[in-house]
Amino acid sequence: MIEAQKVWADVAAIRAGAPLVHNVTNWVVMDLTANALLALGASPVMAHAVEEVEEMAALAGAVVLNMGTLDQSWIASMTATLAAARKHGKPVVFDPVGAGATRLRTQTAQRMVEAGGVSVVRGNASEIAALAGAAGRTKGVDSLDESLKFADAAAGLTAMCDVVVISGEKDVIVGRDRRCVLANGCALMTRVTGMGCTATALVGAFLAVQPDPFLAAAHAMAVMGIAGELARDAGAGPGSLRMHFLDALHNLDEQTIAARLRIDR
């Protein structure tokens with residue numbers, strides 16, 4: 001189902017077409033996510049003013065919604081952008097950052113998914129558990145649970161979106177009729193802020209070129225994990241991992257994907 005050759009085909013399509021990825025995302029991760037999209041080959045834009053989101057969404061190949069630094073203005077931007085993406089038929093990936101930590105975050109995330117038009121939800125175990133109404137454990141925006149624990153709960157969310165990704169030590173991709181588990185990545189990635197948000201942004205880039213949301217999500221998570229491993233091997237800690245991660249995205253080739261792709265099930 002997940003094949004290195006097909007992962008590479010999507011990377012090549014992103015590099016050839018440089019699709020515009022419209023991000024309504026948070027202040028903490030804008031720099032890293034924009035640079036990661038550029039390193040991969042996509043064209044990022046960070047636009048959240050309500051007055052411009054419909055025009056920007058119309059131009060984009062895909063839309064990324066991330067509620068990391070949430071307030072009412074951000075909620076208004078995400079709501080307007082989701083409506084515009086739905087109007088123009090653009091795929092959307094949604095990151096429910098911190099769902100489960102506060103009522104505002106949990107209720108906002110639930111409203112966004114229930115509104116319809118979200119192709120992929122990407123979060124950690126506690127965020128997905130909160131969305132699914134399961135009992136997860138969270139510490140702010142970090143999960144205290146393993147990703148595999150809530151795979152069945154995530155399946156229930158696919159009544160409102162196409163695919164749910166639970167990222168963690170192993171990345172679980174849950175579709176309506178398919179599941180897979182990827183074992184790429186490394187623990188050091190959790191010591192760099194915004195890596196989860198970056199995974200969401202990469203899903204957006206793959207959604208722009210891959211019409212199957214399940215494959216788009218799985219291929220993006222595979223590339224994310226492999227680039228993290230390459231960065232760990234080349235660096236000496238979190239600071240250099242961030243730098244080498246961008247280099248790894250830029251230099252990634254088919255042979256490296258084939259050699260490193262680890263499908264757990």
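Since the structure is predicted, the reported quantities are computational estimates derived from the model, not experimental observations.
- Here Asp162 contributes atom CG and Asp212 contributes atom CG; the two are 9.0 Å apart, rounded to the nearest 0.5 Å.
- Annotation: Glu52, atom CD; neighbour count of heavy atoms from other residues, nucleotides and ligands within 6.0 Å is above 12.
- Residue-environment remark: CD (Glu254) exceeds the threshold of 12 foreign heavy atoms within 6.0 Å.
- Nearest heavy-atom pair, Ala80 versus Val53, reported as atom, atom and distance to 0.1 Å: CB-CG2, 3.8 Å.
- When all heavy atoms are compared, the tightest approach of Phe206 to Leu40 is CE1-CD2, 3.8 Å.
- Between Met221 and Asn184 there is no side-chain heavy-atom pair separated by less than 4.5 Å.
- Summarising the geometry of Met30 relative to Thr25, their closest heavy-atom pair is CE-O, 3.4 Å, with the distance given to 0.1 Å.
- Under a 4.0 Å N-O distance rule, the pair Arg262/Asp171 does not qualify as a salt bridge.
- For CD of Gln5, the number of neighbouring non-hydrogen atoms (other residues, nucleotides, ligands) closer than 6.0 Å is 12 at most.
- Between Arg242 and Asp31 a salt bridge is recorded (basic side-chain N to carboxylate O distance below 4.0 Å).
- Proximity of a side-chain donor or acceptor of Ser240 to a complementary backbone N or O of Gly237 within less than 3.5 Å is detected.
- Distance check: Glu127 CD to Asp95 CG gives 6.0 Å after rounding to the nearest 0.5 Å.
- The distance from the CG atom of Leu104 to the CD atom of Gln107 is 7.5 Å, given to the nearest 0.5 Å.
- Taking both residues in full, the closest heavy atoms of Ala183 and Asp264 are given as CB-CB, 4.4 Å, listed atom of the first, atom of the second, then distance.
- Taking all atoms of both residues into account, the shortest heavy-atom contact from Ala36 to Thr198 is CB-CG2, 3.5 Å.
- Contact of the Ile263 side chain with the Met1 side chain is not registered, since no non-hydrogen atoms from C-beta on lie closer than 4.5 Å.
- Taking every heavy atom of both residues into account, Phe245 and Ala231 meet most closely at N-CB, 3.3 Å.
- Remark: Ser77 OG to Gln72 CD distance equals 11.0 Å, nearest 0.5 Å.
- In this structure, OG1 in Thr108 is found 6.0 Å from CE in Met67, a value given to the nearest 0.5 Å.
- Checked by atom type and distance alone, the side chain of Arg86 pairs as donor or acceptor with a backbone atom of Gly116 at under 3.5 Å.
- Here the straight-line distance linking atom CD1 of Ile173 with atom OG of Ser167 works out to 9.5 Å at 0.5 Å rounding.
- Counting only heavy atoms from C-beta outward, the side chains of Arg232 and Met189 never approach each other to under 4.5 Å.
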